[in-house]
Amino acid sequence: MSEKKTKHTVDSTIKEEKTVTTEEKVEAAKAANKKAATAAKKAAKANAEATAAVAKDTAKKTQKAAKEAAKKSAEATKKGAEATKETAKKAAKKAGTATKETAGKIKESASSTKTYNKKPKRKVWIQHLGREVSEDELVERAIAQFAAVEGAIPVKKISLYIKPEEMAAYYVINEQYTGRVDF
(Lines give C-alpha, C1' and ligand atoms only; values in the text may rest on other atoms or scores of the structure.)
Protein backbone atom coordinates (compact mmCIF):
# COMPACT_ATOMS: atom_id res chain seq x y z
CA MET A 1 0.00 0.00 0.00
CA SER A 2 2.80 2.16 0.56
CA GLU A 3 3.72 1.80 -3.03
CA LYS A 4 0.26 2.88 -4.02
CA LYS A 5 0.48 5.83 -1.77
CA THR A 6 3.83 6.76 -3.14
CA LYS A 7 2.53 6.48 -6.63
CA HIS A 8 -0.40 8.63 -5.72
CA THR A 9 1.86 11.24 -4.15
CA VAL A 10 4.11 11.23 -7.20
CA ASP A 11 1.12 11.62 -9.49
CA SER A 12 -0.26 14.52 -7.51
CA THR A 13 3.18 16.13 -7.45
CA ILE A 14 3.40 15.79 -11.24
CA LYS A 15 -0.07 17.26 -11.57
CA GLU A 16 0.89 20.13 -9.35
CA GLU A 17 4.04 20.66 -11.34
CA LYS A 18 2.01 20.53 -14.52
CA THR A 19 -0.47 23.00 -13.02
CA VAL A 20 2.30 25.28 -11.91
CA THR A 21 3.92 25.03 -15.28
CA THR A 22 0.65 25.81 -17.07
CA GLU A 23 -0.03 28.75 -14.80
CA GLU A 24 3.49 29.97 -15.36
CA LYS A 25 3.00 29.59 -19.09
CA VAL A 26 -0.28 31.54 -18.95
CA GLU A 27 1.40 34.29 -16.93
CA ALA A 28 4.35 34.32 -19.29
CA ALA A 29 1.99 34.54 -22.28
CA LYS A 30 0.09 37.39 -20.62
CA ALA A 31 3.35 39.20 -19.92
CA ALA A 32 4.48 38.64 -23.51
CA ASN A 33 1.13 39.94 -24.81
CA LYS A 34 1.42 42.93 -22.55
CA LYS A 35 4.97 43.62 -23.77
CA ALA A 36 3.82 43.19 -27.38
CA ALA A 37 0.87 45.56 -26.84
CA THR A 38 3.14 48.14 -25.20
CA ALA A 39 5.63 47.81 -28.04
CA ALA A 40 2.80 48.16 -30.60
CA LYS A 41 1.51 51.26 -28.82
CA LYS A 42 5.00 52.77 -28.80
CA ALA A 43 5.43 51.95 -32.47
CA ALA A 44 2.04 53.46 -33.34
CA LYS A 45 2.83 56.57 -31.33
CA ALA A 46 6.22 56.91 -33.00
CA ASN A 47 4.58 56.39 -36.40
CA ALA A 48 1.94 59.04 -35.62
CA GLU A 49 4.61 61.48 -34.43
CA ALA A 50 6.64 60.87 -37.58
CA THR A 51 3.55 61.38 -39.75
CA ALA A 52 2.70 64.58 -37.88
CA ALA A 53 6.27 65.84 -38.30
CA VAL A 54 6.16 65.11 -42.03
CA ALA A 55 2.77 66.83 -42.34
CA LYS A 56 4.03 69.83 -40.38
CA ASP A 57 7.15 70.04 -42.54
CA THR A 58 5.04 69.76 -45.71
CA ALA A 59 2.70 72.49 -44.45
CA LYS A 60 5.67 74.77 -43.75
CA LYS A 61 7.09 74.14 -47.21
CA THR A 62 3.68 74.79 -48.82
CA GLN A 63 3.22 77.97 -46.81
CA LYS A 64 6.70 79.17 -47.75
CA ALA A 65 6.05 78.41 -51.42
CA ALA A 66 2.72 80.28 -51.26
CA LYS A 67 4.41 83.31 -49.69
CA GLU A 68 7.08 83.28 -52.39
CA ALA A 69 4.44 83.00 -55.12
CA ALA A 70 2.46 85.87 -53.61
CA LYS A 71 5.60 87.97 -53.38
CA LYS A 72 6.48 87.26 -57.02
CA SER A 73 2.90 88.06 -58.06
CA ALA A 74 2.98 91.35 -56.14
CA GLU A 75 6.29 92.27 -57.75
CA ALA A 76 4.95 91.44 -61.21
CA THR A 77 1.80 93.48 -60.54
CA LYS A 78 3.90 96.40 -59.33
CA LYS A 79 6.09 96.24 -62.44
CA GLY A 80 2.99 96.04 -64.64
CA ALA A 81 1.45 99.02 -62.87
CA GLU A 82 4.64 101.03 -63.31
CA ALA A 83 4.77 100.14 -67.00
CA THR A 84 1.11 101.10 -67.42
CA LYS A 85 1.74 104.37 -65.58
CA GLU A 86 4.67 105.20 -67.86
CA THR A 87 2.62 104.34 -70.95
CA ALA A 88 -0.25 106.49 -69.70
CA LYS A 89 2.13 109.40 -69.04
CA LYS A 90 3.54 109.12 -72.56
CA ALA A 91 0.06 108.92 -74.08
CA ALA A 92 -1.14 111.88 -72.03
CA LYS A 93 1.90 113.87 -73.07
CA LYS A 94 1.26 113.07 -76.74
CA ALA A 95 -2.45 113.82 -76.33
CA GLY A 96 -1.65 117.09 -74.55
CA THR A 97 0.64 118.16 -77.39
CA ALA A 98 -1.96 117.16 -79.97
CA THR A 99 -4.70 118.96 -78.03
CA LYS A 100 -2.65 122.16 -77.84
CA GLU A 101 -1.94 121.99 -81.57
CA THR A 102 -5.61 121.34 -82.35
CA ALA A 103 -6.71 124.18 -80.04
CA GLY A 104 -4.31 126.53 -81.78
CA LYS A 105 -5.69 125.53 -85.19
CA ILE A 106 -9.27 125.98 -83.98
CA LYS A 107 -8.48 129.48 -82.66
CA GLU A 108 -6.87 130.38 -85.98
CA SER A 109 -9.83 128.98 -87.89
CA ALA A 110 -12.40 130.74 -85.68
CA SER A 111 -10.69 134.10 -85.89
CA SER A 112 -10.36 133.89 -89.66
CA THR A 113 -13.95 132.80 -90.48
CA LYS A 114 -15.89 134.62 -87.73
CA THR A 115 -18.75 132.10 -87.82
CA TYR A 116 -20.90 131.58 -84.74
CA ASN A 117 -22.70 128.41 -83.78
CA LYS A 118 -24.72 129.97 -80.97
CA LYS A 119 -28.42 130.61 -81.37
CA PRO A 120 -29.19 134.30 -81.26
CA LYS A 121 -31.26 135.70 -78.45
CA ARG A 122 -34.76 136.30 -79.62
CA LYS A 123 -37.82 138.20 -78.61
CA VAL A 124 -41.08 137.49 -80.46
CA TRP A 125 -43.90 140.04 -80.60
CA ILE A 126 -47.36 139.45 -82.01
CA GLN A 127 -49.13 142.52 -83.44
CA HIS A 128 -52.71 142.37 -84.62
CA LEU A 129 -55.36 145.05 -85.02
CA GLY A 130 -53.41 147.60 -83.06
CA ARG A 131 -52.62 145.30 -80.15
CA GLU A 132 -49.18 143.98 -79.26
CA VAL A 133 -48.20 141.06 -76.99
CA SER A 134 -44.90 139.21 -76.53
CA GLU A 135 -44.49 135.46 -76.73
CA ASP A 136 -42.86 135.43 -73.28
CA GLU A 137 -45.87 137.22 -71.79
CA LEU A 138 -48.29 134.69 -73.31
CA VAL A 139 -46.22 131.76 -71.98
CA GLU A 140 -46.10 133.26 -68.48
CA ARG A 141 -49.86 133.89 -68.48
CA ALA A 142 -50.56 130.33 -69.72
CA ILE A 143 -48.40 128.81 -66.94
CA ALA A 144 -50.03 131.05 -64.31
CA GLN A 145 -53.52 130.07 -65.49
CA PHE A 146 -52.56 126.37 -65.50
CA ALA A 147 -51.15 126.63 -61.94
CA ALA A 148 -54.33 128.33 -60.74
CA VAL A 149 -56.50 125.55 -62.17
CA GLU A 150 -54.38 122.40 -61.69
CA GLY A 151 -52.34 123.27 -58.60
CA ALA A 152 -48.74 122.25 -57.99
CA ILE A 153 -48.17 120.09 -61.09
CA PRO A 154 -44.75 121.00 -62.55
CA VAL A 155 -44.63 122.27 -66.13
CA LYS A 156 -42.12 120.22 -68.11
CA LYS A 157 -43.19 121.12 -71.64
CA ILE A 158 -45.44 123.79 -73.13
CA SER A 159 -46.66 124.24 -76.70
CA LEU A 160 -48.26 127.55 -77.65
CA TYR A 161 -50.61 128.04 -80.64
CA ILE A 162 -51.28 131.70 -81.43
CA LYS A 163 -54.48 132.68 -83.28
CA PRO A 164 -54.48 136.44 -83.90
CA GLU A 165 -57.94 136.36 -85.55
CA GLU A 166 -59.40 135.10 -82.23
CA MET A 167 -57.10 137.39 -80.17
CA ALA A 168 -56.08 134.29 -78.19
CA ALA A 169 -53.34 131.74 -77.70
CA TYR A 170 -54.05 128.08 -77.00
CA TYR A 171 -51.61 126.02 -74.96
CA VAL A 172 -50.85 122.35 -74.27
CA ILE A 173 -48.85 121.66 -71.09
CA ASN A 174 -47.03 118.35 -70.51
CA GLU A 175 -48.82 116.99 -73.60
CA GLN A 176 -51.95 116.53 -71.46
CA TYR A 177 -53.49 119.77 -70.18
CA THR A 178 -54.99 122.39 -72.54
CA GLY A 179 -56.28 125.89 -72.14
CA ARG A 180 -56.75 129.36 -73.71
CA VAL A 181 -55.18 132.70 -72.89
CA ASP A 182 -56.60 135.93 -74.36
CA PHE A 183 -54.32 138.72 -75.63
Trainee: Provide the closest heavy-atom pair for Ala169 versus Leu160 in the form atom of the first, atom of the second, distance.
Mentor: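 For Ala169 versus Leu160, the nearest heavy atoms are CB-CD1, 4.0 Å.
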Trainee: Evaluate the side-chain contact (heavy atoms from CB on, under 4.5 Å) criterion for residues Tyr170 and Val181: first the C-alpha distance (whole Å), next the side-chain angles of each, then the deciding distance (0.1 Å), finally the verdict.
Mentor: CA-CA 6 Å; Tyr170 295 90; Val181 176; over 6 Å; no
Trainee: Give me each pair satisfying ring pair (Phe, Tyr, Trp, His ring centres under 6.0 Å) with a member in residues 129-160, each pair once, sequence neighbours excluded.
Mentor: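 Output for this query lists Phe146-Tyr177.
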Trainee: Should we count CD of Glu132 as having more than 12 external heavy atoms under 6.0 Å?
Mentor: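 Correct, the count exceeds 12.
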Trainee: Evaluate the side-chain proximity of Glu166 to Arg180: yes if any heavy-atom separation is below 4.5 Å, no if none is.
Mentor: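 Of all side-chain heavy-atom pairs linking Glu166 with Arg180, at least one is under 4.5 Å.
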Trainee: Indicate the atoms forming the closest heavy-atom contact of Glu137 with Ser134, along with that distance.
Mentor: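 Closest approach of Glu137 to Ser134: N-OG, 3.1 Å.
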Trainee: For a 4.5 angstrom cut-off between non-hydrogen side-chain atoms, does Tyr171 reach Val139?
Mentor: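 Not in contact.
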Trainee: side-chain contact (heavy atoms from CB on, under 4.5 Å), that's the test. Do Lys60 and Lys64 meet it? Break it down for me.
Mentor: CA-CA 6 Å; Lys60 283 182 181 178; Lys64 186 177 179 181; over 6 Å; no
Trainee: Compare every heavy atom of Ala168 with every heavy atom of Asp182, then report the nearest pair and how far apart it is.
Mentor: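 Where Asp182 meets Ala168 most closely, the heavy atoms are OD1-CB, 3.8 Å.
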Trainee: Quick one: does Lys78's side chain get under 4.5 Å of Glu82's, heavy atoms only?
Mentor: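 Touching, per the 4.5 Å side-chain cut-off.
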Trainee: Would you indicate whether Lys35, at its atom NZ, is surrounded by more than 12 heavy atoms from other residues, nucleotides or ligands within a distance under 6.0 Å?
Mentor: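 Not more than 12 within 6.0 Å, no.
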Trainee: Are Ile126 and Tyr161 in one and the same hydrophobic cluster, where Ile, Leu, Val, Met, Phe, Trp and Tyr link if side-chain heavy atoms are under 4.5 Å apart?
Mentor: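 Each belongs to a different hydrophobic cluster.
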Trainee: Can you list the steps and then say if Gln145 with Arg141 is a side-chain contact (heavy atoms from CB on, under 4.5 Å)?
Mentor: CA-CA 6 Å; Gln145 183 181 12; Arg141 287 171 53 196; over 6 Å; no
Trainee: Is any side-chain heavy atom of Glu135 less than 4.5 Å from a side-chain heavy atom of Lys123?
Mentor: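 Heavy-atom side-chain distance check fails, nothing below 4.5 Å.
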Trainee: Starting from the C-alpha separation in whole Å, work towards a yes-or-no answer on side-chain contact (heavy atoms from CB on, under 4.5 Å) for Ile158 and Val172.
Mentor: CA-CA 6 Å; Ile158 184 168; Val172 178; over 6 Å; no
